[in-house]
Amino acid sequence: MDLFEYNKIKKFNDNAPLAARMRPRTLEEFVGQKHIVGKNKLLYRAIKADKLSSVIFYGPPGTGKTTLARIIANSTESRFTQLNATTAGIKDIKETVKDANEQLSISGKRTILFIDEIHRFNKTQQDALLPHVEDGTIILIGATTENPYFEVNNALVSRSIIFSLNPLEKSDIKELLKNTLADNERGYGNKNIDISDDALEFLSDVANGDARSALNALELAVITTEEDPEGRIIIDLEVAQECIQKRALNYDKDGDNHYDTISAFIKSMRGSDPDAALYYLAKMIYAGEDPKFIARRIVICASEDVGNADPHALMVAVNAAHAVNFIGMPESRIILAQAVTYIACAPKSNAAYLGIDKALSDVKHKRIKTVPSHLKDAHYNGAESLGNGNGYKYAHDYPGHYVKQQYLPDELIGTVYYEPTENGVEKKIKDKLDRLRNNK
């Protein structure tokens with residue numbers, strides 16, 4: 001490294017945001033996404049061997065899409081160039097392809113073209129890339145926060161390997177922050193920073209899988225906190241909250257408060273208190289709880305606590321769970337709130353829940369010899385000679401499509417599992433069942 005290069009790097013490190021300075025330069029420095037860049041994984045092997053084919057990185061902001069592209073740029077012997085789909089047009093694509101062809105003919109090197117936010121290219125712009133990706137003139141690396149199967153041309157998708165990047169784990173963010181605090185060259189290793197465990201936990205958690213967000217908050221905390229008389233920059237929980245403009249909640253996703261909150265949430269819906277249910281829903285959303293987890297609990301409550309008192313409750317809950325799956329936050333909060341308030345206000349019955357548990361107990365503990373003969377399958381050869389199906393009464397042949405006959409095994413005659421309540425739709429079910437059971 002000559003003096004000019006050294007001064008250039010030093011100037012960058014002095015002026016660039018912390019998130020840019022701490023961008024990993026090698027696979028060894030890269031944190032998270034072990035499912036694709038873990039040792040001996042496909043992408044890891046391809047980068048190490050410099051044998052990369054066209055790829056599209058798909059995932060939320062701050063998960064490492066651009067960083068992986070730059071690591072590839074540092075690792076490859078191919079020519080590397082970059083376009084941003086928000087500013088580039090057909091002219092830029094044509095110039096890039098022309099340069100790529102010239103380089104290929106002069107040096108034999110192919111060109112890796114990184115296109116950030118590739119979903120912002122329109123169909124014509126994407127089509128302009130296709131023949132050059134197909135003939136190998138260009139190795140495409142696309143990065144997108146949108147589902148490429150919807151936002152990128154099928155022809156480009158079919159010629160690329162899609163790598164899905166996940167939000168970083170809390171442990172990944174914490175490792176990144178610790179590395180930054182210890183890094184003398186690009187981070188804060190040369191500063192006397194005293195960060196509390198609570199503050200570190202909070203920043204790691206509230207970043208919600210976005211490394212850039214966590215590093216921006218740490219940088220703001222460091223540059224806005226005055227040194228104490230001993231020359232220390234003390235970052236406690238209060239400072240961390242101010243720097244990310246979010247209040248810390250006593251909500252550990254793996255601890256008692258998590259289970260206490262979800263318990264209170266369910267009991268509020270069961271107890272027909274929509275206001276309390278919305279409060280606990282808001283608490284979970286604010287704390288970064290997985291909306292899919294919340295949706296699953298709503299579905300369970302719809303069946304366990306509402307049941308047939310309002311059969312629509314399960315439909316509302318299941319539809320909400322599906323919607324959350326493809327809408328994502330923050331809009332999913334509205335979908336969850338709709339389902340929660342419907343179920344909280346619905347009439348309640350746990351009759352189906354009690355019924356199946358009682359039936360399961362009998363299956364487990366009582367010895368039942370066989371299914372009544374008239375209910376057995378009579379469709380195979382020899383079934384009639386065994387008496388299977390003899391005497392079975394087909395319900396649709398009778399008035400009201402009902403006929404009194406034995407369905408339970410002999411040992412369970414007279415057993416009642418399902419006892420409908422007087423609530424909502426189930427009252428009608430109860431009245432009908434009472435008539436049928438009493439043969440009225």
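A ring pair (Phe, Tyr, Trp, His ring centres under 6.0 Å) check over residues 111-155, counting only residues at least two apart or in different chains, returns nothing.
Between R120 and E117 a salt bridge is recorded (basic side-chain N to carboxylate O distance below 4.0 Å). Using a 4.0 Å cut-off between a side-chain N of Lys or Arg and a carboxylate O of Asp or Glu, D397 and K393 do not qualify as a salt bridge.
A donor-acceptor pair is defined here as one N or O able to donate and one able to accept, closer than 3.5 Å; no such pair exists between the side chain of T111 and the backbone of L113. Under the 3.5 Å distance criterion, the side-chain polar atoms of R186 are matched with a main-chain donor or acceptor of R21. R45 places a side-chain N or O within donor-acceptor distance of the main-chain N or O of N40, the cut-off being under 3.5 Å. Put simply, the side chain of S272 gets close to the backbone of A344: a donor and an acceptor are under 3.5 Å apart. Remark: the backbone N or O of K348 is paired with a side-chain donor or acceptor of N423 at under 3.5 angstrom. Remark: the backbone N or O of G59 is paired with a side-chain donor or acceptor of K65 at under 3.5 angstrom. Proximity of a side-chain donor or acceptor of K358 to a complementary backbone N or O of Y418 within less than 3.5 Å is not detected. A distance-only check finds a donor-acceptor pair linking the side chain of T341 to the backbone of A337 [under 3.5 Å]. When atom types are taken as modelled, the side chain of D92 and the backbone of G89 share a donor-acceptor pair closer than 3.5 angstrom.
The neighbour count for R79 CZ, taken as heavy atoms of other residues, nucleotides or ligands under 6.0 Å away, is above 12. No more than 12 heavy atoms of other residues, nucleotides or ligands sit less than 6.0 Å from atom CG of D197.
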Show, in sequence, the C-alpha distance, side-chain angles and deciding distance for Y58 and E151, and conclude whether the side chain to side chain donor-acceptor pair (under 3.5 Å) test is met.
CA-CA 11 Å; Y58 160 50; E151 302 296 336; over 6 Å; no
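Listed here is the closest heavy atom pair of D50 and S78: OD2-N, 4.3 Å. Contact record, R159 with L130: CD-CD1, 3.6 Å, taken as the closest heavy-atom pair. Here the closest non-hydrogen pair linking I294 and E289 is CG1-CG, 3.9 Å.
Using bins of under 30°, 30° to 60° and over 60° for the plane-to-plane angle, the ring pair H396/H401 lands in the perpendicular bin.
Looking only at atom types and distance, the side chain of D362 has a donor-acceptor partner in the side chain of Y417 under 3.5 Å away. With no hydrogens or angles considered, a side-chain donor-acceptor pair links D135 and T137 at under 3.5 Å.
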